[in-house]
Amino acid sequence: FSPDGKLLASGDRNGGLLISDAANGGEMFTLKGHNEAITGLVWRADSQVLTSSSEDGTIRIWGMDEGNQIKSVGAHGVGTLSLDGTHDGRLISTGRDKKIKVWKADGTLIKEMPNRPTLPLSGTLVGAEGKIAVSGDWGGKLDLWNPVDGAHLGELHSSPPRVTDMINWHQGEI
């Protein structure tokens, strides 16, 4: 749903993107451009712009006054896996190219984080000012980044350690 609650955006695995009237479900716009699965949708705070990502590797910015495409960005050539945004319009995306990227609201690249050893499945900008980028990978690891300079700030592991590792740690072997 758009921030003002008036519009509903939905995407499908064939690249279809539909904007509906939230009050009555009526179709307002069919946004054509993506040709593979939609992987992310982010509304701008004023509900006038929707940004979408797709397995086709692009991020597209759409105007809601007429349902027109404002810009298309080749974000992750082999597939964009996730898209998220902040209240100030910045975006973060992850892709099959094993990269995490931070974008201005207009689709201009701010920073690209170094390639990861495993697929970064999702990313988000956290904190009141979005001063930390967090990406999560297939193995359950969360990486923390500075979204301005790309510095790696640390990592968190959401997967518990193996029982043998815990036993060895308690016995002082690790």
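Just so it is clear, the structure is predicted and the values come from calculations on it, not from any experiment.
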D21 side chain to A23 main-chain N or O, any donor-acceptor pair under 3.5 Å? yes
Within the structure provided, determine whether N68 and F29 are in side-chain contact (heavy-atom separation under 4.5 Å). no
Which atom pair, heavy atoms only, marks the closest approach of T94 to G123? CG2-N, 3.8 Å
With side chains defined as the heavy atoms from C-beta onward, is the minimum distance between K101 and I92 less than 4.5 Å? no
Listed partners of D137 passing salt bridge (Lys or Arg N to Asp or Glu O under 4.0 Å), at least two apart: none
S47 side chain to D4 main-chain N or O, any donor-acceptor pair under 3.5 Å? yes
What's the shortest heavy-atom distance between P147 and A133, and which atoms? CD-N, 3.9 Å
What do the steps show when you test W62 against T51 for side-chain hydrogen bond (donor to acceptor under 3.5 Å, both in side chains), and what is the final call? CA-CA 6 Å; W62 309 91; T51 305; over 6 Å; no
Could you tell me which residues satisfy ring pair (Phe, Tyr, Trp, His ring centres under 6.0 Å) with W103, sequence neighbours excluded, listed by chain and number? none
Work out which heavy atom in K111 is nearest to a heavy atom in V148; give both atom names and the distance. CD-O, 3.7 Å
Flag the pair S53 / T39 as yes when at least one side-chain heavy-atom distance between them is below 4.5 Å, and no otherwise. yes
Just wondering, do L125 and D84 contact through their side chains at under 4.5 Å, heavy atoms? no
Side chain to side chain contact (heavy atoms under 4.5 Å, CB included) evaluation trace for I61 with Q69: CA-CA 6 Å; I61 303 170; Q69 181 176 290; over 6 Å; no
Minimal heavy-atom distance between P3 and A45, with the atoms involved, is CB-O, 3.5 Å
Group every Ile, Leu, Val, Met, Phe, Trp and Tyr by side-chain heavy-atom contacts under 4.5 Å, then state whether M64 and I38 land in the same group. yes
Indicate, with yes or no, if L91 and L109 share a hydrophobic cluster defined by side-chain heavy-atom contacts under 4.5 Å among Ile, Leu, Val, Met, Phe, Trp and Tyr. yes
Sidechain N-carboxylate O distance under 4.0 Å for D106, K104: no
Closest non-hydrogen contact found for W138 with T118 is N-OG1, 4.4 Å
Under 4.5 Å between any side-chain heavy atoms of K71 and T108, yes or no? yes
Under a 3.5 Å distance rule, please check whether K98 uses its side chain to pair with a backbone N or O of P117 as donor and acceptor. yes
So do the side chains of I110 and R90 get within less than 4.5 Å of each other, counting heavy atoms only? yes
Can you get from L50 to M28 by hopping between Ile, Leu, Val, Met, Phe, Trp and Tyr side chains that sit under 4.5 Å apart? yes
Does S54 use its side chain to pair, donor to acceptor, with the backbone of E36 at less than 3.5 Å? yes
Which pair of heavy atoms, one from A9 and one from L41, lies closest together, and at what distance? O-CD1, 3.7 Å
Same cluster for L153 and L156 if Ile/Leu/Val/Met/Phe/Trp/Tyr side chains link at under 4.5 Å? yes
So, does R60 use its side chain to make a donor-acceptor pair with the main chain of G33 at under 3.5 Å? yes
Looking at D143 and R116, is any side-chain nitrogen of the basic one under 4.0 Å from a carboxylate oxygen of the acidic one? yes
For H76 and V78, indicate whether the former's side chain and the latter's backbone hold a donor-acceptor pair under 3.5 Å. no
If two hydrophobic side chains count as joined below 4.5 Å and joins carry through other members, does I100 share a cluster with I132? no
Is E55 salt-bridged to R96, cutoff N-O under 4.0 Å? yes
Backbone N or O of G150 within a donor-acceptor pair of the N146 side chain at under 3.5 Å? no
